[in-house]
Protein chains: 2
Amino acid sequence: MRKSRRSPCPVACVLDVIGDKWTLLIIRDLAAGKSQFKEFCASPERIATNILADRLDRLVSHGLVERYASDDHPGREAYRLTLKGRTLLPVLKSIADWGLAHIEGTEARIQVAAP
Amino acid sequence: MRKSRRSPCPVACVLDVIGDKWTLLIIRDLAAGKSQFKEFCASPERIATNILADRLDRLVSHGLVERYASDDHPGREAYRLTLKGRTLLPVLKSIADWGLAHIEGTEARIQVAAP
DNA sequence: GTGGATTGCTTGCATTTTACAAGTGGCGGC
DNA sequence: GCCGCCACTTGTAAAATGCAAGCAATCCAC
């Protein structure tokens, strides 16, 4: 059963997925190559661990992120963007570009990791 | 005095402005030519009036929206995007495009009003 | 110029979400 | 076994949101 959406508007539906202060920051970190829970916690915005766990679950349930067994850190949880999740990167970039152009004091520091 | 930001990351700073479920819907409605309080209320997502008033205030204080005296409806409040506000339209479009491509059941119905 | 409708909010309160701190269970190394 | 790290979960306080009602200022017909 699909939960009822607010409207058929694509903007409203996207906001129901990524319309909060944390989800896109996790996607940013994933795009930058971070994969472990503690790495997301270590980002300068200091997301609370319960919020992080909740957002990761939601991203996985939306098919934007997947868990996998890391080779680099065997036995640890790891997360990465799915192919669908990667399609959000142009959205993320347009947001970052707007911030760089219109909010003073912002600076780009992250590079999107190679596919 | 500027309120402290979470980080100098442009993504985080933009989310502090538009990172919620309502702000971009108001910008969508403004882009579609709506200008009156009641018109935003009438959108299918049914924003609460206190939230709408709060978001309009925040948008005005961020310089993205301005009040003006309407010619069409004299004596009534009216809102419109500022030039800075219009620079958000590419962001809005990238979000709408993503929704159309990746969320089933969404449909584009609004046309951006002419400048 | 008075009554009623409309507009643009504000207020009060219940519900939901978020923030912060602390705690728990699993695993690996020693 | 014991220690520490990691990935969460839980408890609780604070904040944001949702909902309904109310209210002052127009507008408009009559």
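So you know, we letter chains A, B, ... as the sequences are listed, proteins then strands, and number each from 1. Computed from a predicted model, the values in this text were never measured in an experiment.
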Rounded distance (Å) that lies between atom C1' of C:dC9 and atom CD of B:Gln36: 14 Å
Do B:Thr82 and B:Glu66 get their side chains close enough for a donor-acceptor pair, meaning under 3.5 Å? no
Around atom NZ of A:Lys93, are there more than 12 heavy atoms from other residues, nucleotides or ligands closer than 6.0 Å? no
Separation of B:Lys34 atom NZ from C:dT7 atom C1', in whole Å? 16 Å
Keeping A:Thr106 on the side-chain end and A:Gly99 on the backbone end, is there a donor-acceptor pair under 3.5 Å? yes
Starting from P on D:dT10, measure out to CG on A:Leu52 and report it in whole angstrom. 16 Å
So, is B:Tyr79 close to the C:dT7 phosphate, meaning a side-chain N or O under 4.0 Å from OP1 or OP2? no
When you get a sec, tell me which of C:dT7, D:dT9, D:dC6 is the closest nucleotide to the side chain of B:Arg76? C:dT7
What is the distance, to the nearest angstrom, from the CZ atom on B:Phe37 to the C1' atom on D:dC23? 14 Å
Whole-Å gap separating P (D:dT17) and CD (B:Glu45): 16 Å
Cation over ring, B:Arg46 on B:Trp22, under 6.0 Å and within 45°? no
Nucleotide-resolved protein contact map, nucleotides 14-30 of chain C, B/S/- at heavy-atom distance under 4.0 Å: ----SBB-B--------
Mind checking if B:Phe40 touches a base, just sugar-phosphate, or nothing, with heavy atoms under 4.0 Å? nothing
Take the protein atom OH of B:Tyr68 and the nucleotide atom C1' of C:dG8, then report the distance between them rounded to whole Å. 15 Å
Could you tell me whether a side-chain N or O of B:Lys21 sits under 3.5 Å from a main-chain N or O of A:Leu15, the two making a donor and an acceptor? yes
Whole angstrom is fine here: how far is it from CG in A:Leu56 over to P in D:dA7? 11 Å
B:Ser7 (side chain) donor-acceptor with B:Cys9 (main chain) under 3.5 angstrom: yes
I'd like to know if the side chain of A:His102 and the backbone of A:Trp98 have a donor-acceptor N/O pair within less than 3.5 Å. no
Roughly how many Å is it from CD in A:Glu77 to P in D:dT9, rounded to a whole number? 10 Å
